[in-house]
Structures are given as structure tokens and as C-alpha cells.
Amino acid sequence: MRGKSEPAAQSPSSSSAGASSGASLDPIFHLLRVLPFSFLRPPRLRLKLPSLTLPSPNVVFALLLLTYFMVVSGIVYDIIVEPPGIGSSQDPHTGSVRPVVFMSGRVNGQYIIEGLSSGFMFVLGGMGIILLDLALDRNRAKSVKVSYTSAGVSSIVLAYVMSMLFIRIKIPAYLR
């Protein structure tokens, strides 16, 4: 056992780590490193370090929600493939052209509006879950709890029903 004043024996790996940290055996390198600072003085700069303030929790939540919306809407697909915003089809009886929002029959393709509307339904369902979580707070008034609960449940139900409708439009024979 060694005492406090005795230095620890250096292993070969620790001595090579010390040599690479700036201590060199080359005397010219040492002169080039020390000599200029013997007669040159670095200026005293009074620079203020920039202070970064953390964003508020609401800003972080809004950015995360926006990122979630863009990801589930298929913004990466829209940027790479560049599909049209909305499609069109011709009515066989009248011959008129009508707009089509969903690219029916193609699971791997989407119009821009189709992705945005599906992404909005996913965000609506997520907001419903958040409202249900807020309704569990014991410090809120009963009327606020009831409002949060009813808004949360209705948001989740609406998002589910609309998402299933979107899937049935997209894939006509799905779950039938």
C-alpha cells in the first residue's frame, strides 16, 4: 500500500496518454510553444459569454407536437416523391372532373392533403389522451375535469372513427 506522498507507478498505457496530451520530448517544439509567449502578451479581452436560456415547457411541447405532426403526415415522403396536392378523376356518367383526396388502392402512395388530414387525426387523438391526463389532476374544479374528460373522449373517438374511414377509403376491402 502506498502513502499519500508517493506517486503512483505509471503503466505503459498511461505514459503514452500523457505524451500525447501536449508534453513532447522535442526541444524545438517546446521552444516554439514557450518562446513567443515569453515576450508577447495576449490581449485582455472582456468578452461576454452568450447566455442561453432554456425554452419554456410549452414551447418544447409545441415543437414536439409540430414535429410529430410532420412525421406522421409523411412530410419526408412528400419532399422526396413530390406528389400532387390533390388528385382528380372523371365521373363516368357526366364526364365532369372531380377532385379526389385519397389515392385509393395504393397503400404506398398518398396525396399531400391525404397525409395532412391523416396526420391531423393522429394529433387529435394524441391531444385527446393529453386532455384525459389533465382531467386526472386533483387540484382542478369538477366542472373543468368534466370538460377535459368529455373533450378528450370525443377527440379520441372522432380521431379513431375518421382514421378508420380514411383506411376504408384508401383500401376498399379492408376489414369486410
Side-chain angles (χ1 to χ4, degrees), residues 1-86 108-156 158-160 162-163:
M1 199 163 122
R2 65 180 175 88
K4 288 184 179 180
S5 63
E6 295 175 327
Q10 288 187 350
S11 65
S13 63
S14 65
S15 65
S16 65
S20 66
S21 66
S24 175
L25 297 177
D26 188 13
I28 296 174
F29 178 72
H30 183 66
L31 283 175
L32 288 176
R33 198 166 153 221
V34 173
L35 186 64
F37 297 107
S38 64
F39 60 90
L40 292 177
R41 184 181 55 85
R44 283 189 224 161
L45 298 176
R46 291 184 179 95
L47 297 175
K48 289 185 178 181
L49 293 175
S51 63
L52 298 174
T53 59
L54 292 176
S56 69
N58 288 333
V59 170
V60 172
F61 173 72
L63 289 174
L64 285 175
L65 192 65
L66 180 68
T67 304
Y68 174 72
F69 172 73
M70 290 188 335
V71 167
V72 298
S73 294
I75 196 82
V76 175
Y77 173 83
D78 292 341
I79 290 171
I80 293 172
V81 177
E82 296 178 3
I86 195 166
N108 294 336
Q110 72 177 17
Y111 296 123
I112 294 175
I113 297 296
E114 175 184 355
L116 293 176
S117 58
S118 297
F120 177 73
M121 288 302 140
F122 291 142
V123 169
L124 183 67
M127 292 301 293
I129 292 172
I130 290 171
L131 286 173
L132 287 178
D133 181 54
L134 290 175
L136 293 175
D137 190 12
R138 295 181 185 201
N139 298 329
R140 298 195 193 277
K142 184 153 177 92
S143 63
V144 174
K145 285 182 179 182
V146 170
S147 298
Y148 280 168
T149 304
S150 61
V153 168
S154 62
S155 295
I156 292 172
L158 179 68
Y160 175 76
M162 292 303 292
S163 295

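Along the sequence shown, the residues carry numbers beginning at 1.
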- Query: Would a 4.5 Å heavy-atom cut-off, applied to side chains only, mark Leu116 and Phe69 as touching?
  - Reply: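 Yes, side chains in contact.
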- Should Met127 and Leu65 count as side-chain neighbours, where that means a heavy-atom distance under 4.5 Å?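 A side-chain contact under 4.5 Å exists here.
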Check [X] against [Y] and note the closest heavy-atom contact, atom names and distance.
{"X": "Tyr111", "Y": "Ile86", "answer": "CD2-C, 4.1 Å"}
{"X": "Leu124", "Y": "Ser155", "answer": "O-CB, 3.7 Å"}
{"X": "Val144", "Y": "Arg140", "answer": "CG1-CD, 4.0 Å"}
{"X": "Arg138", "Y": "Lys145", "answer": "CA-NZ, 3.9 Å"}
{"X": "Tyr77", "Y": "Gly109", "answer": "OH-CA, 3.4 Å"}

- Message: Looking at Asp78, is its backbone amide N or carbonyl O close enough to the side chain of Gln110 to form a donor-acceptor pair, meaning the two atoms are under 3.5 Å apart?
- Response: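 Checking the backbone N and O of Asp78 against the side chain of Gln110, no donor-acceptor pair under 3.5 Å is found.
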- Message: Take a 6.0 Å sphere around CD1 of Ile28 and say whether it holds more than 12 heavy atoms from other residues, nucleotides or ligands.
- Response: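 12 or below, so no.
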- Asp137 atom CG: more than 12 heavy-atom contacts under 6.0 Å: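 Buried by this count: over 12 neighbours within 6.0 Å.
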How many angstroms lie between atom [atom1] of [X] and atom [atom2] of [Y], to the nearest 0.5 angstrom?
{"X": "Leu64", "Y": "Thr67", "atom1": "CG", "atom2": "OG1", "result": "6.0 Å"}
{"X": "Ser117", "Y": "Ile112", "atom1": "OG", "atom2": "CD1", "result": "12.0 Å"}
{"X": "Phe61", "Y": "Ser56", "atom1": "CZ", "atom2": "OG", "result": "12.0 Å"}
{"X": "Ile75", "Y": "Ile80", "atom1": "CD1", "atom2": "CD1", "result": "11.0 Å"}

N/O donor-acceptor pairs under 3.5 Å from side chains in residues 35-55, not counting sequence neighbours:
from  : atom 1 : to    : atom 2 : distance (Å)
Ser38 : OG     : Leu35 : O      : 2.6

- Message: Between Thr149 and Leu132, does the side-chain contact (heavy atoms from CB on, under 4.5 Å) criterion hold? Intermediate values first, please.
- Response: CA-CA 5 Å; Thr149 304; Leu132 287 178; 4.2 Å; yes
